[in-house]
Structure formats: C-alpha cells, structure tokens
Amino acid sequence: MIAWVPVAVPALVGLITLMLGETRGRARNAVNLLGAIGSSAVVVSLVRSAYAGDTFTSRIPMLPGLTFGVSTDLLGLLFSAVATVLWGVTLVYAIGYMDHARDRARFFGFFAWCISAANGVALAEDPISLFIFYEVLSLTTYPLVVHNGTPEALAAGRKYLFYALGGGAALLVGVAWLASIAGPTPFTPGGALGAVAGRNNELRAIFALMVAGFGVKAALMPLHGWLPGAMVAPAPVSSLLHAVAVVKAGVFGIIRLVNELYGPELATSLGVATPLALLAAATILISSVIALRQDDLKRRLAYSTIAQLSYITLGTALCSPLAAAGAVAHLAHHAVMKITMFFTAGSVYETLHVKKVSQMPGVARRMPLTMISFAVAAFALAGIPPLAGFASKWLLAAGAAEDGSVWAVLVYVTSGALAIGYMVPVLTSALRPGKHAPAAGPESDPRMLWPIVAVAVLTVVFGLTAGLPGSPTHWAITAIAPSFGGWTP
Amino acid sequence: MLLDHLPALLVAVPLTGAALSFVAGHRRAPHVALVTAAAIVALAVALVARVLDAGPFRYAVGGWTAPLGIDLVADGASALFIVLTAIVGMGVTLYATAYFRTDDETAYGHGLFWTLWLFMWTSLNALFLTGDVFNVYVCLELVGISAVTLVTLSGGAEALRAGARYLYASMLGAMTYLLGVALLYASVGQLDMTILADTLTPDVTAATGLALMIAALVLKTALVPAHFWLPAAHGSAPSPVSAALSSLVVKGSYFVILRLMLYVIPVGYLGGTDVALGVLGSVAIVWGSVQALFQTRIKQLVAYSTVAQVGYLFLVFPLARLGADAFALAVTGVLVHAVSHGLAKAGLFLASGSLMSRFGHDRIDDMRGAARSAPVLTLTVALAGITMMGLPPSGGFGAKWLLVSSALAGGAWWWAAVLVAGGLLAAAYMFRLLAVLLADGDAVLGTPASAPRTEWVPLALAAAAVVLVAAVPLITDLASASNILIRAGVTP
Amino acid sequence: MTSYLIYVAGGALLYALGTYGLLARRHLIHKVISANLMGSGVFLILIGLGNRAEGGPDPVPQAMVLTGIVVTVALTALGLAIIKRYYSATGLTNLDDEPPAGERP
C-alpha cells in the first residue's frame, strides 16, 4: 500500500483544496505544504529502500484480466522524487506569485492533482496503468492552462487538448493492441516482450503508436505545437508542469518504452530506435535555432525545453548504456535548471512586468540574486562544468561516442553551442544599464525569491556531487544498469 | 417468502406509488415518490444480489407459466438495467423535489409529474423484466405514453411541438412493432423469447416479422437516421424528465434489441443486419457529435450527445459475431457503456437544468464564468464529460477498453478506430462547453451559497459514472449471469 | 384458406395507407387518424391469422388485438389532447410551420 502514497497524498490534497473553497487561504496553504513535505518524506524513504533492493508493488483488479498497479523501482522513483520535491518548492513560489490572483482554490487543487498524476506516470508498473495516469495528467492540466480565462488562454487550451487527446488516442490503441497480443506486460528492465518476439511488424506499429502518444508530451517535433502556446498559463504552471511534470511524463514514457517494455536489444533489432533517434536529433537542432530568435522570454525557454527534452529522447533511443543513463540523469538535471529559469521569468514579470528579452536592460541591477540564479541555470544548461548539465551531457555524449554514433555527438556539441547562443543574450541584456534602478527594499517577494535560489543551489549541488551515491547521476546509472544486463560503467 | 416475488414487486411497488402520489395531492406527492424510490432501490439491490447468487430465474405471473401465461425473466442484464434505473431514478426524484417546487396551482401540469414519473418507472421495470415479445409492446407503449406526457409538462409551444413529434414517432414504432409480432406469431405461434429462441427455424415470414420489430425498436432508440424526434423532445422537456428520457428510456427499447439480436435470433438469421446496425451506430457517433459541436443551446448539445452515445450501443452487434472472446468482451463492454452513459447523461442533464435556472437562459456562449459561482455544476459537467469521452479513470473508459479489446480480439481494427474517433469527437463538444464555463466572466446570478442543495445530485450521478470503473468486475459478473452469455456459452 | 387471406391482404393495405398518411399528411389530426388506420390494419392481420389455426380460432391473437385496441385508444386520446393544447398555444395545425418566436422552455 505504501507504493500508492506518492499518488494518493497529492490527490487527497487536491480534493481538500477544492472543498475548502476560495476563501480559506491559510488552511489551503497549510494543507498543500504539509502534503508536499509529507509525500517528499515518503518518497525519500522509498528511495532508500529501493537502493537497498526493496521495491514495493501494489495492484488492484480493474477490467477482466487487467490490473491497475504501481511499483516503486529506482527509475520510477527518480521521476517521482523530482516531481514531489519540486512540487513543494513550487508551492512556496506559487503562494507568493498567486497572492492577488482569483480562483486560487481551483489553481492549487488541480495543481496537486497534476502532481498526483505525474507520480502515477512515474510509478505505473505496466503500460496500461501508465496510460491511465498519462490521460489523467492531460485532463488535470487543462484547467491550469486556461486558468486566466482569456481568449488567448482558451485558444492555447484548445490546442493543448487537440494534441494531448490525439496523442492519448494513439497511446490507447497501442496499449490495447499490445494487451490483445501479449496480455499483461509489466515493465521489466531489458524488455518484457519475450513472449511475442516474433511478431515484428505488429510490434513496430505498436512502438510507433506509443511514440506518437508519448511524443506529444515529450514535444517531439512535429508534435510540439502545443508547448509554446501553453506558456500563457501562470508562471508556476509553466515552471512545474511544462518544465517538469507534464513534459517529463512524455520523455519518461519513452524511457520506459525503450528500456523496460521493448528493451534496448529488441528496439535495436526491430530497427525502431534509429528513426526515433533521428527525429529527436532533428528536434534538438531545429528548436534550438528557433529559440535563438524568440524575444519573449517564456517562449525562448519553451523552445529550449523542446530541445532539451529531445536530448533525453535521443539518449534513450541510442540504446547504449551510458547514453541511457545520461538521459535519465538529464531528466532530473533539466528539471532543476529549467524550473529556475521559469521561476525567474515569472518573478521578473510579476515584479517589473518585463516579458521580453529586449526589455530586460537594468533587470540584473534591480534583481541581482534572481539573475545570478538564472545565470547559474543558464550555464548549467549550456553544459559548463561543474554544474548539473555538464554531468548528464557528458554521459550522453560519451554514450553516443561509445556507440559509434559520431553524428549524435556532433548534435550534442552543436546544440550546446546553440544553448550558449540563446542563453547568453538574456544575460547580457539584463546586465546592460536600463530604466530599472536598484531597489531599496527586497528585490522581490521573498516567497518567490528563495525558491529560485534554492533550485539554483540544487543545480550546483547536483553537478558537484555527480559521482556520489544518491546524486541523480549515480541514481540514473544504478536504475538503468539492469536494462543492459547488469552493466557497470 | 416475499423475496421470491421480487420481479412482481419491482413492478407493483412503483405502480402503487404512482396511484398513491395521485391521491396524495401535490404537497405530499414528493414524499410518496421519495419513499417509493427508496423502496425500489432496495428491491433492485436485492434483485442484483439474488441474480449474482443463484443465476437467472423466471417468474410466472399469477402462477400461469409460458406459453399460456406471461413470464417475467430476471437475469444479469435485466438486473443491471433495473439497478441503473433505480439509481438514476432516485437522483431524478431527489432533484425533482426542488425543481417542481411551486405553489401555483394554476400552472399547467401542476403536480402531475410525480404520478407520470412513477408510471414511467413502473413500465421501464416491466420492460426490463418481461420475457414475452407482445408484453414488450405493451410496456413500450406505457413508457411512451408517460414519456410523451412528461415532455409536454411545461405546456409551452415548443414542448408541445416536441411532444407531438415524439408521439407520432412512438405511434409509427408501435404499429410497426405490432405488425412484426403478428408476422412472427403467424410463423412460429409463440411469443415467449426463450421458446422462440429454441424453436426459430429459417422462414421468410418470421424473418420479416423480426426485421420489422427491430426496425421499430431502432426508431424508439433514436438510432441515426431515426433520431429526428429525439433532440427536440429531450431538449425541451423539464430537466428531470430530460435526464430520465436520455438516460433510461432509450435504454428500454435498446434492451429489447439486445435480447432479440443476441439471444433470440440465431447468427446470420437476418443476413447482414448486425453489420448494418454497427455501421448506423458509427454514423450516429460521428453525426451526433458533429451536431452537438454546433449547438448554441446547452440542452440541445446534451441531447445530440445522446444521439452520438446511442451509436456505441449498436457496435456490439458486429463485434459479437467475431468469435467467443470478442462476443463476451463486447457484451460486457456495451453493458458498462449503457450504465456509465446512463449515470453521466442524467448528471449532465440535471446540471444543465441547474445552469439554466441560475443563468435564466440556455445560451452556451453567455455562460462564461460559471466555474467561479457554480463550481459544483462545472465539476459535474467535467466528470460527465470525461466518462462520455471514454477517458480514464471512468466507466466510459472501462466500456471503451472492453469494446476496443473486443474489436482487436476479433481482428476488426476498423471498429476500434470508430471507438477511438468517437471519444475524440466527444472531447471536442464537451470541451467546447467546459471552455466557456472556465472562461473569465461574472455573468452568473446567485452564489454557491444560495444554490439549492439538490445541485449535489447531478454531481453524485456524474461521480458515480466515473468511479464505475471500479465496479466493472461486478458488471462482468452480471454479464456472466445474463441469458445472452449463458446461452452463447461464453464468459468474459 | 382464402377467407384469412382476405383479412391479411386488407390489413396490409390499411397498414400501408396509414403509414403513408402518418408520414405524408401535415394536419395533426390526419396523422392521428392515419395511425389508427395502421392499427386497424395490424388488428385485421392478427384476426385473420388467428383464424388459420386448425381446430377452431386461436384465442391468443384475439387477446393481443383487445390489448392493442386499448393501447391505441390511449395513444389517440393523448394525441388529441396534445393537438388541442398545441392549437390553442400557437394557432397551428401542423408541425412544419415555426411556432411564434419568443417562447423558450
């Protein structure tokens, strides 16, 4: 039963939040923060047991011959830990950001439900359970995307649904088809499809359907169209959901699909991994170039997200152990880096009403700590050692090299340079003297400032401790090793 | 032992309630109806328990057995529909206590709702229990007469017009069905469904009769292209009536088609009728959804959604011909669909009624901001929408999964494609409505605090449709205890 | 042999006439009368077929006809009541013309 806690606690928090209603703000904040702290503690203890080799599985019967279950393996817990811990950080930020906003009960309620669904995606023990949580995630995100209720937000919401439900339909067909030929297929490191290995064409079609399903949230081109538009949502939503929970659910699905459903060996021999890798490589390059030309800061970050997500997809699709581990580590690293940047963008907008890169001169002087945090995250994203991004990108590139995929190494190097290209102008623009004078008091609402500093510090810590047990890098290597027959680096 | 008479009680109790509510006068009638509804719920649960425990059983009314008497037949499928009717009926009754609260005794149809509604409930229960094709005719007409009268209850021109159109459709269906029975009787000389199933031999007269009966029932179930009467009737009736019509009454005639097609009529007896019904069902899903998408009035949207959702019910017939696995999955799936749609649609119609009374109009585009002052109703629409789209976790998802699995097990992927596309179309029209409710705006009269407590009733029904996914194992057991699956010798 | 065929053929004719009337006529009362014609057609067929049995008439179709007449009378009464009400509300005797605007449920 303990395995359900990361899913159940946020779900309960969301329900209580909605029932408390709009007016009881203190109670709402207390319930949410307590829920986040409590479930973070449970996730940490689950991680400790998983490291010691104890995983918990719990399933309930649902449809004939079908169960609905979760399992606390190391790989799932990595995503779950990222989502749960960053939920707590984002809550503090959101309480500050939404101080004067309307409809906060709806906002925090659905926010908690999204985290519940993301944890479900992380811990789902088979493709069907994963699909169910994946669809719940789509549905619970919709009210957040349209939260402002403006025509612009509604249009973005429509677009989001169009992509998300279309992808969900593809995933449903894939999952149902697989279940009809293979029966229940719980995720197993190295692959779970031994029983139906001969039915190659069907397996290829199912793989394509599932990639189409996960690819929407993983913003794999050409399925990325919803993501830049969805940035009209309030900043905490963009931060947590569109940098962490929702998009990571997509790439996490691809990681499970390749490593633990098909298995690297079968994915390679069926010839489905290489097309996926090429698609991801194209996405990285195209979206990085598009990011260069975005003046709207949140849109620039959105295209950067699209590129970075495909780092993970590419690393997974290479089917080499080092790159696969790098991909999993990058899932955590990118989460802390990108959430720092989205927090910053939201904070700058909320404090100074600056949205565009060209309006940023003077911001660094007005909000020094905020912009230092942004700089740390930006350098990390570009892969500067010893920050977090370096560790995972090193693994990704080394894996590609070990695999003999020189082109992939080139993609990683080129896109690293492009990342510098689209991040540095933000910093130089902010450093230029401008109309914003240094503030006499605090640079922004402390409930927004300190979460930014905290996630920036995490970016440094993850980079510095990359070799130590418990760091995302070490964790990723441990979690991915069984898929490659107990490989060690 | 009283419980041995469960089938008779399920008809007698609402009938007594109907008579009492007429005598009791308009002040006490709601209480009579509530007590009756509670009694029916208890009886329905007892029937489910008994069928699960001991399997299907027959009840000889007055001690006269078929072929001389008219038997009532209780099996898993009829118990399921009766318990659905009981739950939705309880919700409708509770909701109606606030909806029809008026002391204006000159109002048209004042106080008549309770009697007519309990009569309709009586006839529905009888329809689900009857095992005789002529008795089906009588029950269908009793349902039709009370339903038409309920539609016209408001006395407005639009309601009367819809009621008249509904009545003519009903008459056409009734006479055609009776002609079918006449031809069938001329050929076989039997009316009891079980005896018919055992004795039916290839014969043109009998086949024509059965085809006429199916055609008449299709008209009453409002399958495209025979849906012309439904949107007006369901859209202009008082909201509790719309809920009962969309959720239960179309299921009544459908239930008879299900029994005839999969229990009485042998495979291939009527040529390609099963595939034709499936094709019409697919057309209904697309056509109803597209029409729903372009409606500007909320109850018209919900009514066209019924046209679409009825389409799913007919996909079972082609799927059932794809082998034993596909048969069991399809029958179970369609039963889950019938129940989840019944609960969700009742919740949706009742919520629409409350939205209309809050706003004082029914124009969707002028309902902006409802989520702020009517969160309970908005959540109801959202939950009902999820199950109608077939998204997890909901009863609609359980149904869609079972039907898709059935199609894939039978190697007929095109039916799976119809099911998936239908879900996306449902998402299109439901989210069109939800987007307006979530949009920024303050044009709402009243506050959550001033709302009548009966606004929780639709939420309860819609939530039941969602958590129904947890009850799929129970419905699977009831499907196994249905005469359809027992006769076919398959289990899901 | 032939006597029952006369009933059946006559019934079928009445049924067809009634169906045509119900679908093609616009006047509301004409439609109700047409439905009654359909009913009479079906009843004739039932009576005729009941006469076919060996060893005297079969009572079951006669019971069906009696029940059917009762149902048809009830339907007809309801139909006439609705038509009267509809006429006094709109002044119309058919469903094809739009009722006066401004009235919504």
Side-chain angles (χ1 to χ4, degrees), chain A residues 18-19 21-23 60-66 68 102-103 105-106 109-110 117 120 128-129 131-140 142-151 153-155 157-158 160-162 164-166 168-173 175-181 202 205 209, chain B residues 325 328-329 332-333 336 368-369 371-372 375 378-379 382 385-386 389-394 397-411 413 416-417 419-421 423-424 426-428 431-432 434-441 448-449 469-470 472-473 475-476 479-480 491-492:
Chain A
L18 286 177
M19 285 173 61
E22 191 56 32
T23 46
I60 45 179
M62 191 173 48
L63 301 169
L66 204 67
F68 180 59
R102 305 180 71 173
D103 307 320
R106 196 207 302 172
F110 279 94
I128 294 157
S129 310
F131 161 75
I132 289 173
F133 285 118
Y134 192 79
E135 290 284 60
V136 174
L137 185 59
S138 301
L139 291 172
T140 48
Y142 175 75
L144 297 175
V145 174
V146 302
H147 187 78
N148 294 334
T150 56
L154 292 175
R158 214 163 27 240
Y160 171 67
L161 278 180
F162 180 79
L165 296 181
L171 191 56
L172 169 69
V173 176
V175 168
W177 195 349
L178 186 66
S180 81
I181 64 171
E202 279 172 280
L209 283 166
Chain B
D325 283 350
L329 285 168
T332 315
V336 177
R368 281 170 215 290
R372 203 166 278 150
T378 309
L379 189 60
I386 289 169
M389 296 170 217
L391 292 180
S394 71
F397 167 69
K400 187 154 96 177
W401 179 272
L402 287 165
L403 291 170
V404 167
S405 303
S406 163
L408 293 174
W413 57 268
L419 286 157
V420 172
L424 293 178
F431 272 107
R432 181 176 159 254
L434 272 172
V436 175
L437 300 182
L438 287 170
D440 200 26
V469 71
V472 169
I475 298 180
T476 311
S480 314
T491 47

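Chain letters run A, B, ... following the sequence lines, proteins first, then strands; residues in each count from 1. As the structure is a prediction and not an experimental result, all values here were calculated from the model.
- With a 4.5 angstrom heavy-atom cutoff, B/Leu419 does not touch chain A via any of its atoms.
- Atom CG in B/Leu408 sits 11.0 Å away from atom CG in B/Leu403 (nearest 0.5 Å).
- Taking the six-membered ring wherever Trp is involved, the centroid distance between the rings of A/Phe110 and A/Tyr142 does not fall below 6.0 Å.
- For A/Leu165, the parts sitting under 4.5 Å from any heavy atom of chain B are the backbone and the side chain alike.
- Within the 4.5 angstrom heavy-atom criterion, atoms from both the backbone and the side chain of A/Ile132 approach chain B.
- Residue contact with chain B, scored on non-hydrogen atoms closer than 4.5 Å, involves the side chain of A/Arg106 exclusively.
- Only the side chain of A/Ala179 comes within less than 4.5 Å of a heavy atom in chain B; its backbone stays farther off.
- With a 4.5 Å cut-off on non-hydrogen atoms, B/Ile475 does not touch chain A at all.
- Taking the ring pair (Phe, Tyr, Trp, His ring centres under 6.0 Å) definition, one finds that A/Phe162 meets it with nothing, sequence neighbours left out.
- For the atom pair CD of A/Glu135 and OG of B/Ser394, the computed distance is 10.0 Å after rounding to the nearest 0.5 Å.
- The minimum heavy-atom distance between B/Ala407 and B/Ala416, with the atom names listed, is CB-N, 3.8 Å.
- Here the closest non-hydrogen pair linking B/Lys400 and B/Gly423 is NZ-CA, 4.0 Å.
- At a 4.5 Å heavy-atom cutoff, the contact between B/Ala435 and chain A is made by backbone and side-chain atoms alike.
- Scored by the side-chain hydrogen bond (donor to acceptor under 3.5 Å, both in side chains) test, A/Ser129 finds A/Asp126 as partners (sequence neighbours excluded).
- Of the two parts of B/Val469, the backbone and the side chain both hold a non-hydrogen atom closer than 4.5 Å to a non-hydrogen atom of chain A.
- Contact tally against chain B (heavy-atom pairs below 4.5 Å) for A/Thr150, A/Leu154, A/Leu18: the top residue is A/Leu154.
- In this structure, B/Ser480 contributes its side chain and B/Thr476 its backbone to a donor-acceptor pair below 3.5 Å.
- Of the listed residues A/Trp177, A/Tyr134, A/Phe131, A/Phe133, the one with more heavy-atom pairs under 4.5 angstrom with chain B than any other is A/Phe131.
- Atom CD1 of residue A/Ile60 and atom CZ of residue A/Phe68 lie 6.0 Å apart, to the nearest 0.5 angstrom.
- For A/Leu66, the part lying near chain B is the side chain, with the backbone staying farther off; criterion is any non-hydrogen pair under 4.5 Å.
- The contact between A/Ile128 and chain B is made entirely by side chain atoms (from C-beta outward), counting heavy-atom distances below 4.5 Å.
- Heavy atoms of B/Leu438 lying under 4.5 Å from chain A belong to its backbone as well as its side chain.
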